[in-house]
Protein chains: 2
Amino acid sequence: MPAPQLSNTAYVILGFLDAGPRSGYEIKQAVDRSTRFFWAASYGQIYPELKRLRDGGLVESERDDAGARKRAIHRITREGRRALRDWLAEPAAVTELRDEKLLKLFFSDSAGSGKRASSTGASVLEARASEHDEVAEQLRALEPSVIALGKPGKLAVLRYGIEFNEWGARHCRNVAGELEREREESA
Amino acid sequence: MPAPQLSNTAYVILGFLDAGPRSGYEIKQAVDRSTRFFWAASYGQIYPELKRLRDGGLVESERDDAGARKRAIHRITREGRRALRDWLAEPAAVTELRDEKLLKLFFSDSAGSGKRASSTGASVLEARASEHDEVAEQLRALEPSVIALGKPGKLAVLRYGIEFNEWGARHCRNVAGELEREREESA
DNA sequence: TACGACATGTAACCAGTTACATGATTTA
DNA sequence: TAAATCATGTAACTGGTTACATGTCGTA
C-alpha cells in the first residue's frame with residue numbers, strides 16, 4: 001500500500017526517532033533544542049501525529065513503566081525508515097516565507113509624514129537586527145556540541161543559520177542607518 | 001470600541017488600499033507583484049477578509065459597474081487608516097520560519113550510508129541555491145520600478161530580498177562544495 | 001509542602017490553501 | 001470561437017497554536 005501522505009512535522013518525528021527510541025516528551029525537547037529555529041512543533045501536534053504514525057505502521061510504541069516515571073517510548077519501524085528515506089530523496093516544496101517585520105517595513109511608507117515613515121522603517125529594521133543578533137548568538141552557543149556530533153547535515157544547517165543571521169544583523173543596521181540619514185537630510 | 005484584532009493579511013489589504021481604492025482582484029494582483037515574496041495571500045483569504053474589514057468599518061465598498069466590467073471597489077476609512085498606523089507602530093511578532101529544505105538538510109544524515117547522506121545534503125543545498133538564484137533574479141527585475149516609486153520602505157524590503165538571496169545562493173554552493181569534497185575524501 | 005520538571009493527551013480555535021462554482025469581456 | 005483575463009465568492013480541508021485537563025516525581 002502507498003504510504004498515507006505525511007506532514008513535514010511527521011517527518012521531524014521520524015527523523016528524531018531514527019536516531020533512537022524516545023518518548024513524545026523527549027521528541028519535543030529535541031525539537032526545542034534544534035529544529036525549532038526553522039521548524040517548530042507543539043505537543044498539540046506531536047502526540048496526535050505520533051498516533052497517526054502508529055496507525056500507519058511507521059512507528060511502534062511500548063509502555064516503559066520501569067523507570068521512575070511512566071511513559072511510552074516510540075520506535076521507528078522499517079516502513080518508517082523507508083518513508084523517511086523516500087521523503088529525503090524527494091525535492092522539497094518551494095520555500096514560502098511569512099515575515100511580519102518585512103510586511104511592516106514594506107508598509108512603513110504609510111506610517112505618516114516622511115519623517116514618521118522613515119523612523120518607523122528604521123525601528124522595524126533595528127528590531128529585525130536585534131532579532132538576527134539574538135538568534136545568531138543562540139545558534140553559536142550550539143556550535144560546539146553540533147561539531148562534536150560529527151553530522152555534516154546538522155552542521156550545515158547550523159552554519160546556514162549562524163551566517164544568515166550575522167548577515168541579516170549587519171544588513172539591517174546598514175539600511176537603518178541609510179534611512180536615518182535620509183530623514184536628517186530631508187529635515 | 002477597541003478594534004477587533006485583525007490578521008496580518010487584513011493589514012496587507014489595508015496597506016494597499018491606503019495607496020488608493022481598489023477591487024479585490026486588484027489587491028490580489030498587487031500582492032502577487034510585491035508582498036508575495038514574504039507574505040502571500042489567496043482569493044480565499046482576501047474576499048472574506050474584505051468582508052470582515054467592511055463589517056468592522058475599516059473599509060467601505062461601492063459598486064463600480066460603469067467600466068467594462070462590474071466590480072466592487074474598496075476604500076480605506078479614517079478608522080482603517082488609524083488601525084493601519086497603530087499596527088505599524090506596534091512591535092512585530094517574533095519571526096517564525098518553516099523551511100522544508102533546511103529540514104531535509106538537517107535529516108540528510110539519515111539518508112543512508114555516509115556517501116548517500118552527503119549527496120542528499122549536497123543536492124538539497126543545490127536546490128536551495130537555485131531557488132535563491134531564481135528569487136534574486138525576480139527581485140532584481142523589480143528594482144527599477146521600485147526605485148522610480150521613491151518609497152524607502154518598499155526599496156528597503158526589496159534590497160533585503162535581493163541581498164539575502166544573493167548571499168544564500170553563494171553560501172549554499174560553498175557548503176555544497178565542502179560536502180562533496182568530504183564525500184570524495186572519505187570514498 | 002509547594003514548585004518545577006516529567007509526561008500525555010484533547011478541544012477549540014485560527015490562518016491559510018485548494019478546489020469548486022459562476023459568469024462576463026477581451027483578445028488571438 | 002476558444003482561450004485568457006477580469007471578477008467574486010464559498011466550502012472543505014490542513015496544519016498548526018493555545019488553552020485546558022490531569023497526574024506523577026524529585027527537590028528546595
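The chains referred to below are lettered A, B, ... by the order of the sequence lines, with proteins before strands, and numbering in each begins at 1. Just so you know, these numbers come straight off a predicted model, no measurement behind them.
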Discussion item. Quick one, Lys101(B) with Glu131(B), criterion salt bridge (Lys or Arg N to Asp or Glu O under 4.0 Å). Give me CA distance, side-chain angles, the key distance, then yes/no.
Written reply: CA-CA 10 Å; Lys101(B) 290 196 176 70; Glu131(B) 193 175 50; 3.2 Å; yes
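- Bending across the helix from dT1(C)-dA28(D) to dA28(C)-dT1(D), expressed as the angle between its end axes from five pairs apiece, amounts to 30° (10° rounding).
- Side-chain contact annotation: Glu182(B) with Ser118(B), donor-acceptor N/O pair under 3.5 Å absent.
- Atoms CD1 (Ile13(B)) and P (dG9(D)) sit 12 Å apart, rounded to a whole Å.
- Here dG9(D) presents its C1' atom at 16 Å from CG of Leu53(B), a figure rounded to the nearest Å.
- Evaluation of the ring pair (Phe, Tyr, Trp, His ring centres under 6.0 Å) test over residues 44-70 of chain B, restricted to residues two or more places apart or in two chains, returns Tyr43(B)-Tyr47(B).
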Could you list all N or O pairs between the protein and nucleotides 19-28 of chain D that sit under 3.5 Å apart?
from, atom 1, to, atom 2, distance (Å)
dC25(D), O2, Arg69(A), NH2, 2.6

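- Annotation: ring-ring contact (aromatic ring centres under 6.0 Å, His included) contacts of Trp39(B) (sequence neighbours excluded): none.
- Only at 4.0 angstrom or more do the heavy atoms of residues 90-107 of chain B sit from any atom of DNA chain C, so none qualifies.
- Ring-plane geometry between Phe164(B) and Phe164(A) is classed as tilted, the angle between the planes lying from 30 to 60 degrees on a 0 to 90 degree scale.
- Remark: Ala41(B) pairs with Thr9(B), Val31(B), Ile46(B) by the side-chain contact (heavy atoms from CB on, under 4.5 Å) rule, at least two apart or across chains.
- Within residues 24-34 of chain A, the residues that have a heavy atom under 4.0 Å from DNA chain C are, in order of number, Gly24(A), Tyr25(A), Gln29(A).
- Two residues, Ser42(A) and His74(B), neighbour DNA chain D, and the one matched to the more 5' nucleotide by heavy-atom proximity is His74(B).
- Going from atom CD of Gln45(A) over to atom P of dA12(C) covers 18 Å, rounded to whole Å.
- Not counting sequence neighbours, the partners of Glu126(B) by the salt bridge (charged side-chain N to carboxylate O under 4.0 Å, His left out) test are Arg173(B).
- Applying the side-chain contact (heavy atoms from CB on, under 4.5 Å) rule to Glu62(A) yields the partners Ile73(A), Arg75(A); only residues at least two apart in sequence or on another chain are considered.
- Listed for the Ser108(B) side chain is no donor-acceptor partner under 3.5 Å among the backbone atoms of Thr120(B).
- For Thr9(A), the side-chain atoms get nearest to dG16(D) when compared with the rest of dA7(C), dT8(D), dG16(D).
- Here dG9(C) presents its C1' atom at 15 Å from CG of Asp55(A), a figure rounded to the nearest Å.
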Please table the atom pairs, donor to acceptor, closer than 3.5 Å between any side-chain atom in residues 154-162 of chain B and protein atoms at least two apart or in another chain.
from, atom 1, to, atom 2, distance (Å)
Lys154(B), NZ, Phe106(A), O, 2.8
Lys154(B), NZ, Asp109(A), OD2, 3.1
Arg159(B), NH1, Glu143(B), OE2, 2.8
Tyr160(B), OH, Arg128(A), NH2, 3.2
Tyr160(B), OH, His132(A), NE2, 3.0

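- Residue Ile147(B) is grouped with residue Leu179(A) when hydrophobic side chains (ILVMFWY) are merged at heavy-atom distances under 4.5 angstrom, including chains of intermediate members.
- Atom CD1 in Ile46(B) sits roughly 14 Å away from atom P in dA7(D) (whole-Å rounding).
- Separating the CZ atom of Arg22(A) from the P atom of dA7(C) is a distance of 13 Å, rounded to the nearest angstrom.
- Applying the salt bridge (charged side-chain N to carboxylate O under 4.0 Å, His left out) test to pairs two or more places apart or on separate chains, none has a residue in residues 33-45 of chain B.
- With rounding to whole Å, Gln5(A) atom CD is found 8 Å from dG15(D) atom P.
- Contacts of Tyr25(A) classified as ring-ring contact (aromatic ring centres under 6.0 Å, His included), with partners at least two apart in sequence or in another chain: none.
- Following rounding to the nearest Å, Asp65(B) (CG) and dA7(D) (C1') show an atom-to-atom distance of 11 Å.
- Among dG16(D), dT10(C), dT17(D), the nucleotide with an atom closest to any side-chain atom of Trp39(A) is dG16(D).
- When all heavy atoms of Ala141(A) and Pro144(A) are compared, the closest pair comes out as O-CD, 3.6 Å.
- Nearest to the side-chain atoms of Ser23(B) among the listed nucleotides dT8(D), dG9(C), dG15(D) stands dT8(D).
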